[in-house]
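Read the structure below first, then the notes.
These numbers come from the heavy atoms of this one structure, side chains and all, not from hydrogens, waters or symmetry mates. Since we're looking at a predicted model, the values are computed, not measured.
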Amino acid sequence: MTRKKRFLIGAVLLVGAVTYLVYAGVRETSMYYFKIDEFLARKSELTNEGVRVAGRVRSGSVEKKTTTAGTELRFVLSDFGAVDGVPVHYTGVLPDMFAEGRDVIVEGKYTPEGMLRARSVLTSCPSKYEAEADQPHPGGAG
């Protein structure tokens with residue numbers, strides 16, 4: 001076999017291996033993003049599946065306990081006026097901005113018992129930087 005053919009075969013194998021690794025990595029880490037109302041409508045079909053759900057921490061539902069593995073946290077993920085919600089169980093390091101009434105994104109697995117076992121909890125920025133409509137622009141033009 002000539003040197004050129006060996007090089008070409010090696011290059012094809014290398015490109016194929018890299019392509020497979022990228023595909024497998026993206027497939028394993030990609031997860032559809034649900035809002036809490038979408039999740040609640042489809043929760044029975046998402047049992048034992050990895051999910052990422054955005055919602056709000058229901059006021060009065062947070063229970064914290066410190067363990068050797070980190071902070072054990074239980075709360076209900078819901079929306080503004082929603083009566084329904086989903087209980088969440090998480091053990092690990094809490095985000096600094098975590099609080100009742102705060103918007104969060106929970107990533108984990110929905111169990112047959114009706115609980116979302118979280119691998120991670122992310123918080124959203126609590127403020128929006130929008131100018132008030134009736135205030136003049138600070139630059140003087142308006």
Side-chain angles (χ1 to χ4, degrees), residues 1-139 142:
M1 192 181 305
T2 67
R3 184 178 177 143
K4 194 173 188 178
K5 283 185 180 179
R6 285 191 305 216
F7 176 76
L8 189 58
I9 291 171
V12 168
L13 289 174
L14 183 63
V15 168
V18 168
T19 302
Y20 171 75
L21 290 173
V22 168
Y23 170 75
V26 168
R27 186 170 173 230
E28 186 148 321
T29 59
S30 67
M31 197 177 299
Y32 184 75
Y33 182 99
F34 291 100
K35 290 184 180 177
I36 186 67
D37 54 340
E38 296 170 325
F39 174 77
L40 291 172
R42 297 183 53 198
K43 67 182 180 181
S44 62
E45 58 190 85
L46 295 170
T47 302
N48 289 323
E49 296 288 327
V51 292
R52 184 178 292 159
V53 184
R56 178 157 291 149
V57 178
R58 183 181 290 166
S59 294
S61 70
V62 177
E63 298 174 22
K64 290 185 203 177
K65 183 168 59 171
T66 304
T67 66
T68 56
T71 302
E72 184 177 322
L73 179 68
R74 292 177 186 269
F75 63 94
V76 175
L77 187 66
S78 64
D79 207 348
F80 271 116
V83 176
D84 204 7
V86 62
V88 177
H89 180 255
Y90 170 72
T91 301
V93 178
L94 283 181
D96 291 336
M97 305 288 285
F98 183 86
E100 292 182 357
R102 181 72 42 96
D103 290 338
V104 295
I105 299 171
V106 177
E107 184 177 323
K109 183 180 267 190
Y110 186 64
T111 67
E113 295 82 33
M115 179 175 287
L116 186 56
R117 294 226 180 259
R119 283 192 312 260
S120 67
V121 176
L122 306 168
T123 56
S124 300
C125 182
S127 60
K128 291 185 179 182
Y129 301 101
E130 297 176 0
E132 292 183 31
D134 59 345
Q135 298 294 323
H137 189 271

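Pairing each heavy atom of G101 with each of S59, the nearest pair is N-OG, 4.1 Å. Nearest heavy-atom pair, A118 versus V88, reported as atom, atom and distance to 0.1 Å: CB-CG1, 4.0 Å. Residues T123 and P95 approach most closely at CG2-CB, 3.8 Å, considering heavy atoms. Summarising the geometry of R58 relative to E100, their closest heavy-atom pair is O-CG, 4.3 Å, with the distance given to 0.1 Å.
Between R119 atom CZ and K109 atom NZ the span is 8.5 Å, to the nearest 0.5 Å. Atom OG of S120 and atom CZ of R52 lie 7.0 Å apart (nearest 0.5 Å). Interatomic distance, R117 CZ to H89 NE2, rounded to the nearest 0.5 Å: 5.5 Å. In this structure, NZ on K65 lies 11.5 Å from OG1 on T71, to the nearest 0.5 angstrom. Going from atom CG of L13 over to atom CG of L8 covers 10.0 Å, rounded to the nearest 0.5 Å. Note that CD1 of I9 is 13.5 Å distant from CG of L14, once rounded to the nearest 0.5 Å.
Between the R102 side chain and the M97 main chain, a donor and an acceptor come within less than 3.5 Å of each other.
Under a 4.0 Å N-O distance rule, the pair E38/K35 does not qualify as a salt bridge.
Put simply, the side chain of Y90 does not reach to within 4.5 Å of the side chain of F98, judged on heavy atoms. Residues P112 and N48 have side chains in contact (heavy-atom distance under 4.5 Å, counting atoms from C-beta outward). Inter-residue side-chain proximity for L94 and K64 is flagged as met; some heavy-atom pair is nearer than 4.5 Å. With a 4.5 Å cut-off on side-chain heavy atoms, E72 and E63 do not count as touching.
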Pair F39-V106, side-chain contact (heavy atoms from CB on, under 4.5 Å): steps then yes or no: CA-CA 12 Å; F39 174 77; V106 177; over 6 Å; no
Set out, in order, the CA-CA distance, both residues' side-chain angles and the distance that settles side-chain contact (heavy atoms from CB on, under 4.5 Å) for F34 and L46, then state yes or no. CA-CA 11 Å; F34 291 100; L46 295 170; 3.7 Å; yes
Would you check, one step at a time, whether the test side-chain contact (heavy atoms from CB on, under 4.5 Å) holds for V86 with I36? CA-CA 8 Å; V86 62; I36 186 67; 3.9 Å; yes
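Only one option out of L116, V51, D84 pairs with K43 in a side chain to side chain contact (heavy atoms under 4.5 Å, CB included); it is D84.
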